[in-house]
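When reading the values below, keep in mind they use all heavy atoms of this one structure, side chains included, and skip hydrogens, waters and symmetry mates.
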Amino acid sequence: MAINRSHIPAMLRAAMASGTCLDPRQPGDTSLWELDALDLVAAILEASPTPSHPRRLCLRGARITGEVDLSGAAVTVACDFESCTFENSIQISQASLPSLTIRDGAVLRSLDANQSHILGDLVLSGKVEAAAPIRLAGAKVDGSIVVDDAKLHGDDLVALDCNRISVGENFVLGSGTWLGAALLLNNASVKGNLSCGAKVLCPTDRSIDANLMHVDGNVTFELGYACTGTVRLAGATIGGRLHFVGGAVSKGTQRDYAIDAENISVAQNVDLDAEMTIDGPAHFAFAKLGAQLCLSGVKLRACGDTALNGQGAEVKGDVVVSDESDIQGLVDFTGAVIDGDLACDHAAFHNPAEHAIVADRAEIGGSMFLQDAQIWGWVGLMGSHIKGDLDCTGAKIHNAGGDAIVARRTQVDKDVLFRTGFAAEGTVDLVRISIAGSLRCEDSTFDAPGLAAIDLRGAHIVGIFNLLPTSSPQGEVDLRDAQCAVLRDVEQTWPATFLLDGFTYGSLDPEMDVPERRRWLQRNRGGYSARAYEQLISVLHSNGSEEKARRVALEGQNQRAKQVPWFVRPLYWVWGATVGYGYSLRRLFPWLVGLLIFGTVFFFVMYPSAFTASSTHVPAFNSFVYTLDILIPVFKLGESDAWLASGATLYVGWTLSVIGWALAAAIVAGLSQIVRRS
């Protein structure tokens, strides 16, 4: 629609005076009316507001030819363009103006507002479309920026450039908005909230680049958003909450991460939920979070990479990866400081044959939860400090032939729980762990054939060690140099092999009969262990089970006799047969009585043919006294000196004398054993 150009200035002045929208078309006419950019710029620059009537220019349905150039101008008119088409660019760089609204199907080539100052709002809404980038770098907007239901094509690099921008209120990218290239917010400052419901497409690089951005309020990615290309929030400071509601983020093909939030600082929660999908790693290394980090129902795909990187993060609340979240790749909180819980429960973690979850050297102020988690790979907690429980109730860990859990030198201030359906394919490595509560292996399975199913070397358990799995562990249970207050177990769930050397415990529940405990000790790999037997004997003594302790001691010495060199073994047999290795001195008396009877009868029969008096004045021969004299070497009754044996009788006498000395040595050894035990 053509309008006499000479009428344009008057029409513009009238529109500004009345505050109504200028639309000279007839009702029902949908064609655009033509307005020269020079006339528009002249009218805007000539206008001067009054204190009682601030100026506003509203145009509807105009085709504006030429470039609208207000660069560096001090514009006093609020500009509102409705359903207008700009054939060339809008230039307001370094200008100031009350507000700028472009809406309702407006089409523009580009908007250059770098370093401008907008005293009110900047609005692009309602099917607005821009072919080239919108540039607001270094601008100051005292009100809000609203880009809603707009289509910004941009160029190959950027669609909306807001680097170093300062926004006095809110920054909104509403639903229905589409950006064909990146949104730049590096070093931007937003005093209110920042929300994004847009679809941003930059598949090779960053879709949103907000390095060192500062937002005083919340940053929210609203339901329906999608970012194809890395969302970069590295070093950003957010005074409220960071919330991703559903939606999808995928990393740029030339970038390492889907979400790059290294060194981010968030005063409140960081929440990723509502079935959000992330294709590529989420990087929160060295983040500082004032409340919780929560992934709820998230699908995170970074196979063979670190899916969730929280290395060195400081989290004042909980870290939660739960509610059916599915993580493909490593979850890494190495060196993190978490004031609350680290909860990885009711979720699936896939990183086969590698770390699936690692929190080595982490400080966890609450508990570590793996309840009902499904894990392909292994869990690392080396050198960590967990002030609550390590609760693996119902977890399933699949890493056959390797480690299931590695918690070496970990300190747990409460209980460690492997119970109620817990299943480990691979070694549960708890070497030198310190547990202030109890270790409860109940209604669980441990499967590591050819390996250690449970490795507790050097572990310190202040409370109870419950070894009550559903079935016998497949693999060794290594208890060397471990300590616990109470060992609670049953024979039906013992593994085929223990390593018990140096294992100490205060009591047994149940104590069991000697044959059962003997079978327990006999499962020690490497055979007899003096320390293992002595520990059991000591516990039985302290519990008042003296007879059980004696029987275990006898069995221990029997086993020891099998280990000594062959040339010493006969002495052990004599020691055991005569005084029960010092644990049964009464065994000696049948031997003494039998030898005395044998000697008395034998020498009585052999007298006088085999005996010769040593002098003319000797006492009458007494076979009983003669036998006693040679059998008990510590006493000399003179009978063996008075009567000298010959022939076979002499050899029998020597034999009884040797046996006597052996019995005497056995008695001395037995008495020393008694003294040592006392």
Side-chain angles (χ1 to χ4, degrees), residues 251 257-258 272 275-284 294-311 319-334 336 342-360 362 368-382 384 390-408 410 416-430 441 443-455 469-471 473-475:
K251 78 180 188 72
Y257 310 116
L272 298 82
E275 299 184 356
M276 179 185 180
T277 298
I278 306 172
D279 285 321
H283 190 59
F284 286 87
C294 180
L295 282 73
S296 178
V298 171
K299 292 179 174 57
L300 204 170
R301 303 185 183 97
C303 296
D305 205 338
T306 300
L308 177 60
N309 188 345
Q311 292 183 6
V319 173
V320 181
V321 184
S322 65
D323 292 339
E324 311 306 325
S325 290
D326 190 287
I327 312 298
Q328 297 182 14
L330 169 64
V331 173
D332 189 353
F333 283 92
T334 298
L342 175 53
C344 299
D345 48 351
H346 304 283
F349 302 86
H350 306 260
N351 204 28
E354 299 288 346
H355 272 111
I357 302 170
V358 59
D360 293 344
M368 169 79 176
F369 291 105
L370 291 172
Q371 293 180 352
D372 297 312
Q374 289 280 353
I375 302 169
W376 286 265
W378 51 289
V379 179
L381 296 168
M382 290 182 61
S384 296
L390 172 54
D391 190 347
C392 303
T393 300
K396 306 289 191 297
I397 306 177
H398 312 276
N399 193 33
D403 292 312
I405 295 177
V406 178
R408 294 190 170 202
T410 298
V416 176
L417 308 172
F418 302 119
R419 59 179 183 173
T420 318
F422 171 82
E425 294 179 20
T427 298
V428 175
D429 185 341
L430 307 179
C441 304
D443 188 24
S444 51
T445 59
F446 299 87
D447 188 7
L451 303 171
I454 306 173
D455 192 344
T470 306
S471 58
Q474 299 302 302

Verify the distance criterion only: is there a donor paired with an acceptor across the side chains of T427 and D429 at less than 3.5 Å?
no
Looking only at heavy atoms, which two atoms of L370 and A395 are closest? And how far apart?
O-CB, 3.1 Å
Got V321 and I357 here, is their nearest side-chain heavy-atom distance under 4.5 Å?
no
Side-chain atoms of residues 324-333: list all donor-acceptor pairs with protein atoms under 3.5 Å, sequence neighbours left out, distances to 0.1 Å.
unit_1 : atom_1 : unit_2 : atom_2 : d
S325   : OG     : L295   : O      : 3.2
S325   : OG     : G297   : N      : 3.0
S325   : OG     : V298   : N      : 3.0
S325   : OG     : S322   : O      : 2.8
D326   : OD2    : H350   : NE2    : 3.4
D332   : OD1    : T334   : N      : 2.9
D332   : OD1    : T334   : OG1    : 2.6
D332   : OD2    : Q311   : NE2    : 2.5

For A302 and P281, the nearest pair of non-hydrogen atoms, with its separation, is CB-N, 3.9 Å
Determine whether H283 and T306 satisfy the following criterion, side chain to side chain contact (heavy atoms under 4.5 Å, CB included), listing intermediate values before the conclusion.
CA-CA 8 Å; H283 190 59; T306 300; over 6 Å; no
For the residue pair F418 and L430, establish whether any side-chain heavy-atom pair is separated by less than 4.5 Å.
yes
Nearest 0.5 Å, please: how far is CG in L272 from CG in L300?
8.5 Å
Excluding sequence neighbours, so at least two apart, what forms side chain to side chain contact (heavy atoms under 4.5 Å, CB included) with D447?
P449, Q474
Nearest non-hydrogen partners of N351 and A356, listed with the distance:
CB-CA, 4.0 Å
Please tabulate, for the side chains in residues 373-381, all donor-acceptor contacts under 3.5 angstrom to protein atoms that are two or more places apart in sequence or on a different chain.
unit_1 : atom_1 : unit_2 : atom_2 : d
Q374   : OE1    : H398   : NE2    : 3.1
W378   : NE1    : E354   : O      : 3.4

Quick one: OG1 on T393 to CZ on F369, what's the gap to the nearest 0.5 Å?
9.0 Å
Less than 4.5 Å apart, any side-chain heavy atom of T445 and any of S471?
yes
Check P469 against S444 and note the closest heavy-atom contact, atom names and distance.
CB-O, 3.2 Å
Atom pair CG (D345) and SG (C392), whose distance is rounded to the nearest 0.5 Å:
11.0 Å
Contact summary for A258 and I278, nearest pair of heavy atoms:
CB-CG2, 3.6 Å
Main chain of H346, side chain of D372: is a donor-acceptor contact present, judged purely on distance under 3.5 Å?
no
Distance check, rounded to the nearest 0.5 Å: D360 atom CG versus T410 atom OG1?
7.5 Å
Rounded at 0.5 Å granularity, tell me how far CG in L451 sits from CG in D403.
8.5 Å
Going from NZ on K299 to CG on D279, what distance comes out if it is rounded to the nearest 0.5 angstrom?
11.5 Å
